[in-house]
Amino acid sequence: MDNIINISNQVVLILAFLLVCAPLLSFFLSLIFKRFASVIAITSISTSFITAIILFIKIWFGKTLHFSIPWIAFNNFDIRLGFLLNNLTVIMLLLITLIALLVHIYSVEYMAKDKLKPRYFAYLSLFCFSMLSLVLADNLFLIYIFWELVGFSSYLLIGFWFTKEKAVLANKKAFIMNRLGDLGFLTGIMIMLSHFHTLDIEALFGSGNLIASSFVTNGMWVSPFNMMPDYWLTIAGICFFAGAVAKSAQFPLHTWLPDAMEGPTAVSSLIHAATMVAAGVFLLVRIAPLFNETVLIVIASIGVFTAFMAATIALTQNDIKRVLAFSTISQLGFMMLAIGVGDEASAIFHLVTHAFFKCLLFLGAGIIIHELHHLKEKHQLQFDEQDMTFMGGLFKSMPITAIVFIIAAMALSGLPFTSGYLSKDAILISVFEWADVKGGIFWIFPIIVSLTSWLTTFYIFRVVFKVFFGDFRLPQLLDVENHQFHIHEANAWLKYPVMVLAVFCVAFVFSYQPFSLEASWLFHQLAPQQHVGGIYHILVPVYINILSLGLLLITYLAYAKNKFSFGLEQTWVYKFSYQQWYFNEIYDAAIVKPILLKAKAYYWFDKNVIDGLVNSSATAIIHISSIANWFDVHIIDGLVNGLASVVERLNIWFRNVQNGKVQHYIIWMLLIMITFFIYLMIF
Amino acid sequence: MISLQHFLFIAAILFCLGIYAVITRKNAIQVLIGIELMINASILNLVAFARYDVVNNNGQLFALFVIVLAAASVAVGLVIILNFFKRVKTIDPNKANSLRG
Amino acid sequence: MGLLSILIFAPLLFALMILLLPKKYSQTYKYFTIAVAVIQLVITAYMYCQFQTGAAFTGVNQLDSYQFKEYLPWIRLDIGKFGALQIDYLLGVDGFSIPLLFLSALVMLIGALSSWEIKENHKGYFSLMMLLNTAIMGVFCALDIFLFYVFYELMLLPLYFLIGIWGGVRREYAAIKFFLYTLLGSVFMLLVIAGLYFSVIDPLTGNHTFNIVHMMNPQNYVPDGIFSFLAHQDILGIPARLLGFIIVFIAFAIKVPIVPFHTWLPDAHVEAPTPISIILAGILLKVGGYGIIRIAYSIFPDVALNLSFYIGLLGVISILYGALVALAQTDLKRLIAYSSVSHMGFVLLGLASLTSEGISGAMMQMISHGFLSVMLFFIVGVIYNRVHDRYIYNFRGLATHMPIYTGFVMIAFFASLGLPGFSAFIAEAFSLIGAFNSESVNGLIPRWMAILGSLGILLGAAYLLWTLQRMFFGQLRVKEENWLIKLKDLNVREILTLIPLAFFAILLGVMPSLVFNIINTSVNQFILLFT
């Protein structure tokens with residue numbers, strides 16, 4: 001394959017540089033040439049996309065390439081700037097640039113009316129720059145840098161409509177929760193740096209790597225440079241995982257993602273569904289050799305729990321974007337689980353397929369929201385355009401949107417002939433096999449994950465049937481005549497991107513044989529040594545899908561035909577799910593409030609105790625000094641003044657003696673002489 | 001027999017009278033007389049002690065010297081009094097306080 | 001007359017000119033100030049470019065390897081049996097002082113540029129500012145501890161008046177508090193300086209000496225000197241060197257400031273006029289950090305080594321405590337003042353690690369905090385000048401009303417909460433990395449300190465983003481209607497002031513080696529003191 005495009009490594013380096021820099025350039029240019037912002041942004045991301053294709057072809061079947069230049073050097077380690085191009089990198093590059101390109105095109109129409117459109121495209125470009133750099137980065141420090149920068153651009157984009165109170169609360173929450181994870185990441189970096197004196201991914205995790213050469217013995221974790229207690233190995237794994245937990249919105253740091261839906265829908269689709277949130281999975285796959293058994297079990301448990309929890313929440317949400325957000329969390333949980341059971345290839349495969357169908361779901365939802373928003377503006381109505389209770393029967397007015405949305409929904413449920421079937425079942429199979437090896441309590445993992453899989457089918461088809469089938473409920477609910485509302489199919493800017501995405505939801509894109517995971521080119525290349533066959537490879541897809549189809553029928557009857565309803569609305573189970581397991585309330589009461597309270601308490605302490613100490617010592621000194629002053633005035637000064645007055649008296653007296661009268665002088669002379677003689681006589 | 005004590009006693013009385021006159025009199029002339037009395041008292045003492053110096057008669061010699069000096073000083077004193085009288089039209093020494101410091 | 005002397009005495013000369021100029025030219029005084037700051041900036045930039053690194057230019061305890069050195073015998077007094085009193089006019093720079101000199105020159109320029117708000121008594125104000133400038137430059141150049149102390153105390157005087165006369169409502173309280181706090185620290189330091197003088201002799205002349213560099217060398221101590229390394233003298237039952245270190249450390253810790261010696265800072269900042277806040281935060285705090293490196297750590301390395309744990313702990317406490325208290329603030333300027341406490345905690349933490357990356361991180365943090373705190377205080381000044389209010393809840397949704405201003409606010413806030421790409425990130429990351437590595441490298445401070453310290457980054461994000469959300473986002477609403485007219489967006493002068501700061505913050509974030517390379521040799525030499 002290497003000879004298809006015959007370019008030297010030098011050129012690859014330049015291309016990679018171009019790939020990253022085009023969006024960065026676009027960020028600045030969009031802010032300067034505001035009128036051409038969308039053109040600049042689309043041009044730059046197209047450049048990146050084309051470059052990504054070239055790099056993909058060059059690298060995919062070829063070799064790993066690694067370039068770096070010095071950046072910061074210290075005594076015992078240095079940190080370099082560099083690119084690492086391997087299979088994982090190029091597949092991510094291709095995925096990100098393709099989806100970003102489609103979202104850019106989609107955004108042209110979606111944001112057309114917004115007067116801050118140039119800023120939007122600038123932020124989008126900044127995101128693309130950070131995300132692509134994150135993928136290309138060759139060491140953990142660089143990954144961390146861009147990891148934070150994608151968080152920053154996500155912050156900017158969630159709060160893009162910064163006059164909306166909810167949006168600015170959401171972006172703050174997103175950034176701070178991500179920061180919490182980042183602390184874990186940073187701690188992980190510190191552990192690696194301290195232990196291995198390098199952060200280079202190749203050196204740490206590549207062939208003949210440092211991780212492999214380190215070992216645990218006698219409770220100590222020994223590397224060629226250093227040794228520390230072995231629990232640091234576990235801590236390192238957990239720390240990196242903490243970073244991924246925050247970025248990929250896993251329990252317990254998942255609550256920012258549903259709130260992040262306050263941003264423009266196109267942003268939600270790109271950042272909060274397809275790419276940025278997948279960065280956590282990407283990171284874990286990059287550093288997978290680090291994890292020991294404990295960490296892997298933690299990852300798997302968190303993954304399966306999150307998947308299940310988010311799926312149960314998604315069952316009852318009425319906000320269409322919120323359902324999709326929880327679905328994203330749930331699917332990311334699947335990927336985490338895959339990593340936890342040691343099947344990174346499936347995780348990445350699912351990451352890729354999920355990116356397409358979830359992005360498509362969001363963009364589809366975006367079209368509907370966009371349309372309803374127009375309706376709302378045109379007729380001056382008051383309703384929430386994201387609320388599914390106002391939708392229904394949209395299939396007739398927007399068939400293309402409906403069809404692509406349904407394709408994506410099928411992919412999400414993992415129904416046959418879709419990409420989701422391949423990737424999700426790959427994860428399920430791995431989990432079953434893993435549980436089979438481990439046995440015992442570990443069988444709980446496949447049980448929960450199957451359950452989650454069915455829940456997925458249920459909630460996504462609930463959305464499908466509520467939105468596209470049945471009657472259009474908005475006129476009834478607002479008590480307006482139906483014929484006033486004309487809902488149109490989306491125009492070309494919105495339509496073509498989703499149609500392209502729909503193509504990538506089909507199994508044939510990934511595998512010529514739609515039922516065989518091993519036949520998938522992507523999976524094959526990522527995990528060439530994966531064993532083939534086994535009982536679960538047939539059993540699992542069959543039993544999952546049969547039940548899924550049954551569920552599909554039930555949802556159809558319940559939500560499209562309204563044959564029956566579950567009548568659970570008043571039960572605590574429903575409320576528990578609808579209120580998202582009360583996580584926001586718990587965090588608010590258990591973490592945010594106490595911290596603010598503590599802050600106030602410390603401030604009180606600062607003002608009253610520390611400063612009080614300073615001030616009271618000042619007052620004490622003032623008191624002491626006033627005592628000293630009294631002493632000074634009355635005792636010391638009194639003494640001095642007393643002496644002075646005595647002298648004064650004497651002075652007056654003596655002055656009177658010398659009155660100029662000769663006879664008085666003589667009397668004095670006489671007296672003194674007599675005194676003198678008396679003195680002589682006595683002594 | 002008149003002994004040395006008698007001479008000294010007389011001289012002391014004379015001296016005290018002189019002092020008394022000097023201190024109490026409101027007339028400068030009388031003060032001058034008082035001074036004369038004191039000088040004479042001392043002369044009497046000098047003469048009385050001269051008995052013990054028969055060889056050189058220093059006592060008599062000094063007595064004579066003092067008498068001459070007393071005469072000179074009285075002359076000076078009288079001139080002062082006269083000038084004083086010219087200036088302030090009185091010879092009361094209490095009025096003469098321009099020596100005051 | 002070397003470059004350093006010009007640097008130090010140029011402001012004094014200009015101050016003289018200002019004093020001689022008649023009052024009717026009072027509008028020109030600020031241009032004098034700007035002129036002198038520009039001259040200094042050019043000189044320091046030139047020095048920075050000319051600064052050489054490598055084995056022959058280590059500085060720290062090698063007197064010969066200091067650069068731009070100047071030497072003049074200053075005071076020579078024969079004091080009988082104590083030998084000759086030897087005080088020198090000795091200046092020189094090494095890797096620790098050169099970036100701070102450049103920073104000072106830049107901050108003084110910004111201070112001058114933000115002095116437009118000063119409305120009364122220009123003559124006094126600007127000449128005091130020049131005097132302050134002289135003192136600051138002197139502190140960073142002096143290598144004779146007596147000279148250092150003279151400049152160090154000289155800084156207090158103009159600051160006292162600048163806060164006390166041109167300050168806010170409670171200016172007298174703040175000025176007195178500031179003055180007493182810092183004086184308290186430095187008075188005891190004088191005793192230590194005297195003790196050091198009698199313990200150290202100049203190896204060349206045999207006289208007792210105030211030379212800082214000689215004090216770093218254990219061979220120069222007389223065997224029975226009070227601070228001798230070997231004699232183990234006691235004062236009041238406490239080892240003399242320990243006591244000496246603690247006194248000097250507290251003197252500088254007050255300046256930094258380190259919890260619990262920090263309470264002068266919020267008051268002084270809140271009451272001081274904007275340019276003085278800028279100078280306080282931008283330079284004065286760094287004098288504290290510089291003093292700890294140059295005096296406390298270098299002269300008492302043995303004690304510093306033993307106390308590393310506690311110093312690191314103080315650093316962590318400062319980081320967390322400052323950040324938490326900042327979270328509770330409703331006055332924007334006070335919030336930023338407390339954030340300074342938090343950020344300067346990283347300096348102490350990095351320093352306590354005694355690893356090359358930790359100390360480099362600490363130095364970087366001082367420089368970065370110099371740029372960023374100046375930017376933050378300038379930003380507060382902008383809003384305060386317009387409406388004379390800083391209460392956070394009185395403002396809302398300023399982003400729509402003042403977009404350029406909000407842009408700079410976001411740069412400043414994100415830079416100081418440690419977003420990668422800005423200098424503070426590099427600084428904090430390497431301080432923490434250093435602190436973490438310490439246990440493996442020299443076992444001085446435990447790893448949990450670094451992890452705990454990193455929580456400061458999280459809290460930093462919390463209070464800054466919360467402020468951003470409360471003041472700048474949401475629907476536009478201010479306390480009084482006419483504020484909307486008063487709250488104009490930035491003018492050209494203000495933009496020109498902010499741009500260089502933002503530029504340097506980004507430059508050092510992208511190319512930290514600009515600083516790391518300069519300080520590296522000195523840092524390594526510094527670490528050798530502790531082995």
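Naming: A, B, ... by sequence-line order, numbering from 1 per chain. All figures in this text were calculated on a predicted structure; none of them were measured in a lab. Reckoned from all heavy atoms, side chains included, excluding hydrogens, waters and symmetry mates.
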Quick one: are the ring centres of [X] and [Y] less than 6.0 Å apart?
| X | Y | value |
| --- | --- | --- |
| Phe413(C) | Phe152(A) | no |
| Phe162(A) | Phe472(C) | no |
| Trp232(A) | Phe436(C) | yes |
| Tyr603(A) | Tyr321(C) | no |

- Message: Using only atom types and a distance under 3.5 Å, with no angle test, would you say the side chain of Trp71(A) pairs donor to acceptor with the backbone of Val510(C)?
- Response: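 Here the side-chain-to-backbone pair exists.
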Is it the side chain or the backbone of [X] that comes within 4.5 Å of chain A heavy atoms, both, or neither?
| X | value |
| --- | --- |
| Ile426(C) | side chain |
| Asn517(C) | neither |
| Leu180(C) | neither |
| Val441(C) | side chain |
| Arg477(C) | neither |
| Trp264(C) | neither |
| Leu468(C) | side chain |
| Glu439(C) | neither |
| Tyr338(C) | side chain |

At a 4.5 Å cut-off on heavy atoms, which part of [X] comes close to chain C: side chain, backbone, both, or neither?
| X | value |
| --- | --- |
| Ile79(A) | side chain |
| Ile191(A) | both |
| Val168(A) | both |
| Ile235(A) | neither |

Please find the pair of heavy atoms, one from [X] and one from [Y], that lie closest to each other, and give the distance.
| X | Y | result |
| --- | --- | --- |
| Ile72(A) | Pro512(C) | CD1-CG, 3.4 Å |
| Ser454(C) | Thr187(A) | OG-OG1, 4.5 Å |
| Glu148(A) | Pro420(C) | OE1-CD, 3.1 Å |
| Thr400(C) | Thr163(A) | CG2-CG2, 3.9 Å |
| Leu327(C) | Ala599(A) | CB-CB, 3.7 Å |
| Met190(A) | Asn437(C) | O-OD1, 4.2 Å |

- Determine whether more than 12 heavy atoms belonging to other residues, nucleotides or ligands lie under 6.0 Å from atom OH of Tyr602(A).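 Not buried by this count: 12 neighbours or fewer within 6.0 Å.
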- Query: If you draw a 6.0 Å radius around NZ in Lys34(A), do more than 12 non-hydrogen atoms from other residues or ligands fall strictly inside?
  - Reply: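 Not more than 12 within 6.0 Å, no.
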- After noting the C-alpha distance and the side-chain angles of Lys164(A) and Gln475(C), does the key distance pass the side-chain contact (heavy atoms from CB on, under 4.5 Å) rule? CA-CA 7 Å; Lys164(A) 261 169 67 184; Gln475(C) 294 292 338; over 6 Å; no
For the [atom1] atom of [X] and the [atom2] atom of [Y], what is their distance to the nearest 0.5 Å?
| X | Y | atom1 | atom2 | result |
| --- | --- | --- | --- | --- |
| Ile595(A) | Leu324(C) | CD1 | CG | 7.0 Å |
| Arg396(C) | Glu165(A) | CZ | CD | 4.5 Å |
| Met410(C) | Leu156(A) | CE | CG | 5.0 Å |
| Ile457(C) | Asp182(A) | CD1 | CG | 9.0 Å |
| Ser356(C) | Asn76(A) | OG | CG | 6.5 Å |
| Leu186(A) | Leu458(C) | CG | CG | 12.0 Å |

Any side-chain heavy atom of [X] sitting closer than 4.5 Å to one from [Y]?
| X | Y | result |
| --- | --- | --- |
| Phe74(A) | Thr355(C) | no |
| Ile145(A) | Phe425(C) | yes |
| Thr263(C) | Asn615(A) | no |
| Leu417(C) | Arg179(A) | yes |

[options]: which one forms the most heavy-atom pairs within less than 4.5 Å of chain A?
| options | result |
| --- | --- |
| Leu476(C), Val259(C), Leu465(C) | Leu465(C) |
| Gly421(C), Gly397(C), Ser513(C), Ala462(C) | Ala462(C) |
| Ala326(C), Ala435(C), Gly418(C) | Gly418(C) |
| Ile176(C), Ile451(C), Val523(C) | Ile451(C) |

Who among [options] has the most heavy-atom pairs with chain C under 4.5 Å?
| options | result |
| --- | --- |
| Trp161(A), Phe175(A), Tyr144(A) | Phe175(A) |
| Phe146(A), Trp147(A), Phe141(A), Trp604(A) | Phe141(A) |
| Leu81(A), Ile176(A), Leu193(A) | Ile176(A) |

- Message: Show, in sequence, the C-alpha distance, side-chain angles and deciding distance for His262(C) and Asp606(A), and conclude whether the side-chain contact (heavy atoms from CB on, under 4.5 Å) test is met.
- Response: CA-CA 9 Å; His262(C) 66 285; Asp606(A) 202 65; 2.4 Å; yes
- For the residue pair Tyr155(A) and Phe473(C), does the interplanar ring angle fall in the parallel (under 30°), tilted (30 to 60°) or perpendicular (over 60°) class?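 Ring orientation, 0 to 90° scale: tilted.
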- Message: Check the orientation of Phe77(A) and Phe430(C). Use parallel for under 30°, tilted for 30 to 60°, and perpendicular for over 60°.
- Response: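 Judged by the thresholds at 30° and 60°, the geometry between Phe77(A) and Phe430(C) is parallel.
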